[in-house]
Student: 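Got a structure here, written out as structure tokens. Questions coming.
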Amino acid sequence: MDFDGRILPRTGGFGRFSRLLAAALWLPNVALALGFFSELLYTEEPEHHCRPDPSLLPLPLRNLSGSDLLDAALPPSSAGWSRCQLSRYQEPGEQRSNESSPCTQGWEYGSSAGLRSNIISQWDLVCKERWKIPLEKVSYLIGWLGGFLVFGCACDRFGRRPVFAFSVVLVILAGVGVAVSLDYIMFVLIRVFYGSALAGSFLTLYITRLEICDLPHRLMITMIAGLFWVAGELLLPGLAVLSKEWRILQGVITTSQVLLLVYWGCHSLFPESPRWLLATQQLDRAKKELQRFSEGNGVNLDSEMYDEDNLFTEMDSIAEGPVQARYHSVCDLFRTRVIWKNSLILGFTAFIGTGIRHCYLQNLQGYGPTFYFVYFLMAATEAVSCLFLCGTVNKFGRRAILLLCTILTGVSSLLLLALTEYLFPGIELAISILGILASHAVVMLSIFFASEVLPTVIRGSGLGLVLAASFVGRATVPIMDLHNRKGFFLHHVVFSSFAILSVLSIMLLPESKRKSLPESLRDGESLRRPPLFLSHAKDDLPLLSSSRTPHSDYNPENYSRLMTATKKMLSREPSPYQADRRLLEHLQGEDNQALTLDT
């Protein structure tokens, strides 16, 4: 059944209950964003240097203190003092030797991103141990990637609501485990599960918000949810300044995520998706959810237009008897042709949008405090991208705006690749910001586009694949850090080439503007790309056309359903016209008898 065209309007459409439910599903994005962006604060490298070892200094210098002691104990470097070496002296002449020795008494750290300590200062992940920081980043992103794949398949099999509840419980348990981690290995392992659980919560929320909306409000509800995500991103540095310690900050973040258990306890705040229930042929549960939506939207079920029996009778007539629930897995996605092609293209564009972003961030060094400037610039561009998509996508179409943003992303990258040495700093900064803005739009629109062209029965697993591809792009940056940032130029060239290649692949996508969400695999396979150019070479002359087929709204399937419902209604309640007809026949019979007697 056409959920958007025939079921949702008869249960109140996007009425009061649906609007309040969508607003309630915005709020968890704040708590999830706090958990996601905490990685940036925990792994931000603070200013540090070796703790002076008086035993390595000559006797006259051992009584020094403050900056004089640091000048004597640490060899100079381009950035001030060496971070990983101590000075060695020739004892007789008390002259500083050209040689140096590694730190013997540990390190002294400054504050970083508002925190007096993070995991780097906690376990001395500097100098020879610095490789553990990108390893932790890659592990965390792998957790998100695996969470999208696992929980995406789970929400197609068990439903959106139970998977969300399970992932929230796992988020809380893993969050507590992160806060009480005893060593680096324990921290990394628990963070993998923490990222997986956050991914599951994010995915189920995204799908549920989309499936409760009607066609005109899908984009707006999704983009406002993105703004709440940005709000959580902006809130995190303030919480870090108030918390001071990373363990306390993790406790505050976990506390905010405990509040999400309210959505599990209150069914009205997170109901099961009736669209998914109907698509998987769970009619009894679907009727209960539709009844709840109708009552919440203030629909009068006694009226003829919204008669409960009419809607449910139509559902039963389509089912034609008891049916078993039918589920689909990610393997069914691989057996399709059009759906798999669309998923592959949109996953590729999401991968490019996240992977190419590092090419622009390299040009932002030196503008104010590095961490805060880049952090708030990324948040601001993400918010602007949400507003830009909200104002343009419904007007010009998904495919056209995705094509525009991808072209801007690729052109900005190519300009920086070829002309960096010849550009003024202001122009270089403007091109970098434009590239970041366009890459944000590419990622967000690719994910939203994928959620619209994927059918309901495999929307979780399909969207999980697209989101996982975007996190593969994110993981390219810490992977380069494992090799001390070697290969950045090659990274830039490859992603710039991919961006140009994706422009051609976007032409193969269908247009989902003003179209209902596909429910079955058959619906998803029927989404074909529109022609690139509309041909008007052939004149349309109705009087001379020999093979013209008359336009008709007649549909045999709809007509048979209408006749079935009409017969049931007439058998239940006799029509007044039938009573008049019987009276007329009775009077005609009496007149005939009277004429016979007169004769």
Side-chain angles (χ1 to χ4, degrees), residues 37 39-40 43-45 133-134 137-138 141 144-145 233 345-368 370-385 388 402-447 467 469-506:
F37 291 104
E39 177 74 6
L40 300 179
T43 58
E44 176 67 16
E45 186 174 2
I133 302 174
K137 292 180 179 179
V138 172
L141 293 176
W144 275 80
L145 190 152
E233 184 179 358
I345 294 173
L346 293 170
F348 182 56
T349 56
F351 164 75
I352 294 169
T354 53
I356 203 172
R357 202 170 295 157
H358 181 67
C359 303
Y360 309 119
L361 296 179
Q362 290 297 309
N363 299 298
L364 302 180
Q365 306 297 330
Y367 292 94
T370 303
F371 175 80
Y372 286 111
F373 177 76
V374 174
Y375 186 90
F376 287 111
L377 178 64
M378 294 289 286
T381 52
E382 192 169 356
V384 173
S385 298
F388 170 75
L402 181 59
L403 185 64
L404 172 65
C405 295
T406 307
I407 292 174
L408 290 177
T409 302
V411 170
S412 301
S413 179
L414 291 175
L415 288 176
L416 293 176
L417 184 64
L419 304 176
T420 300
E421 298 179 356
Y422 309 100
L423 295 175
F424 292 107
I427 298 177
E428 183 180 356
L429 177 63
I431 294 176
S432 300
I433 294 177
L434 177 62
I436 294 172
L437 184 68
S439 65
H440 276 304
V442 166
V443 176
M444 287 188 287
L445 186 52
S446 297
I447 297 171
L467 286 166
S470 70
F471 271 74
V472 172
R474 289 180 184 271
T476 57
V477 178
I479 288 175
M480 282 198 306
D481 286 342
L482 283 172
H483 298 85
N484 296 322
R485 296 183 181 272
K486 294 179 181 179
F488 168 71
F489 179 78
L490 180 61
H491 173 273
H492 198 159
V493 171
V494 168
F495 274 92
S496 299
S497 305
F498 282 170
I500 302 303
L501 179 61
S502 66
V503 171
L504 302 177
S505 62
I506 290 173

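Numbering starts at 1 and runs along the sequence shown.
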Student: Return the OG1 to CD1 distance between Thr381 and Ile433, rounded to the nearest 0.5 Å.
Tutor: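 CD1 of Ile433 is found 8.5 Å from OG1 of Thr381.
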
Student: Between CG of Leu437 and OG of Ser432, what distance do you get to the nearest 0.5 Å?
Tutor: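 Spacing of CG (Leu437) from OG (Ser432) equals 12.5 Å.
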
Student: Look at the rings of Phe351 and Phe498 and say which category their plane angle falls in: under 30° parallel, 30 to 60° tilted, over 60° perpendicular.
Tutor: tilted

Student: Can you sort out the partners of Leu145 under side-chain contact (heavy atoms from CB on, under 4.5 Å), two or more places apart, ordered by chain and number?
Tutor: Leu149, Ala468, Val472

Student: Is there a side-chain contact between His440 and Val384, using heavy atoms and a 4.5 Å cut-off?
Tutor: no

Student: Looking at every heavy atom in both Ala499 and Ser502, which two are closest together, and how far apart are they?
Tutor: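 The answer is O-OG, 2.7 Å.
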
Student: Side chains of His358 and Thr476, heavy atoms from C-beta outward: is any pair under 4.5 Å?
Tutor: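 Side chain of His358 against side chain of Thr476, heavy atoms only: no contact under 4.5 Å found.
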
Student: What pairs with Leu419 under side-chain contact (heavy atoms from CB on, under 4.5 Å), at least two apart in sequence or on another chain?
Tutor: Leu415, Tyr422, Leu423

Student: From Ile500 CD1 over to Ser505 OG, what is the distance, rounded to the nearest 0.5 angstrom?
Tutor: 11.5 Å

Student: Taking only residues at least two apart or on different chains, which pairs with a member in residues 347-357 satisfy side-chain hydrogen bond (donor to acceptor under 3.5 Å, both in side chains)?
Tutor: Thr349-Ser446, Arg357-Ser439

Student: In chain order, what residues pass the salt bridge (Lys or Arg N to Asp or Glu O under 4.0 Å) check against Glu44, with sequence neighbours excluded?
Tutor: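 Partners of Glu44 under the salt bridge (Lys or Arg N to Asp or Glu O under 4.0 Å) test: none.
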
Student: Test of understanding: with ring-ring contact (aromatic ring centres under 6.0 Å, His included), list the residues that count as partners of Phe388, not counting sequence neighbours.
Tutor: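 Partners of Phe388 under the ring-ring contact (aromatic ring centres under 6.0 Å, His included) test: none.
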
Student: side-chain contact (heavy atoms from CB on, under 4.5 Å) with Val493: which residues, sequence neighbours excluded?
Tutor: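 Partners of Val493 under the side-chain contact (heavy atoms from CB on, under 4.5 Å) test: Leu417, Phe489, Ser497.
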
Student: Give the minimum heavy-atom separation between Leu402 and Leu445, together with the two atoms involved.
Tutor: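 Closest approach of Leu402 to Leu445: N-CD2, 3.4 Å.
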
Student: Using 0.5 Å steps for rounding, measure from the CD1 atom of Ile427 to the CG atom of Leu434.
Tutor: 13.0 Å

Student: Where do Pro478 and Leu141 come nearest, in terms of heavy atoms and distance?
Tutor: CG-CD1, 4.2 Å

Student: Hey, mind stepping through Leu429 and Asn363 against side-chain contact (heavy atoms from CB on, under 4.5 Å) and telling me if it holds?
Tutor: CA-CA 7 Å; Leu429 177 63; Asn363 299 298; over 6 Å; no

Student: Would you please name every residue forming a side-chain contact (heavy atoms from CB on, under 4.5 Å) with Leu408, sequence neighbours left out?
Tutor: Leu404, Ala438

Student: Given Met378 and Leu361, is the side-chain contact (heavy atoms from CB on, under 4.5 Å) satisfied, shown in steps?
Tutor: CA-CA 9 Å; Met378 294 289 286; Leu361 296 179; 3.6 Å; yes

Student: By side-chain hydrogen bond (donor to acceptor under 3.5 Å, both in side chains), which residues pair with Glu39, not counting sequence neighbours?
Tutor: Arg191

Student: In Å and rounded to the nearest 0.5 Å, what is the CD1 to OG distance from Ile352 to Ser470?
Tutor: 12.5 Å

Student: Applying ring-ring contact (aromatic ring centres under 6.0 Å, His included), name anything that partners Tyr360, two or more places apart in sequence or on another chain.
Tutor: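 Here no residue qualifies.
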
Student: Measuring from Ile431:CD1 to Ile436:CD1, what's the distance to the nearest 0.5 Å?
Tutor: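 If we round to the nearest 0.5 Å, Ile431:CD1 and Ile436:CD1 are 12.5 Å apart.
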
Student: Apply side-chain hydrogen bond (donor to acceptor under 3.5 Å, both in side chains) to Ser413 and list each qualifying residue two or more places apart in sequence or on a separate chain.
Tutor: His492, Ser496

Student: Testing the basics here: between Ser385 and Ala441, what is the closest heavy-atom pair and its distance to 0.1 Å?
Tutor: OG-N, 3.8 Å

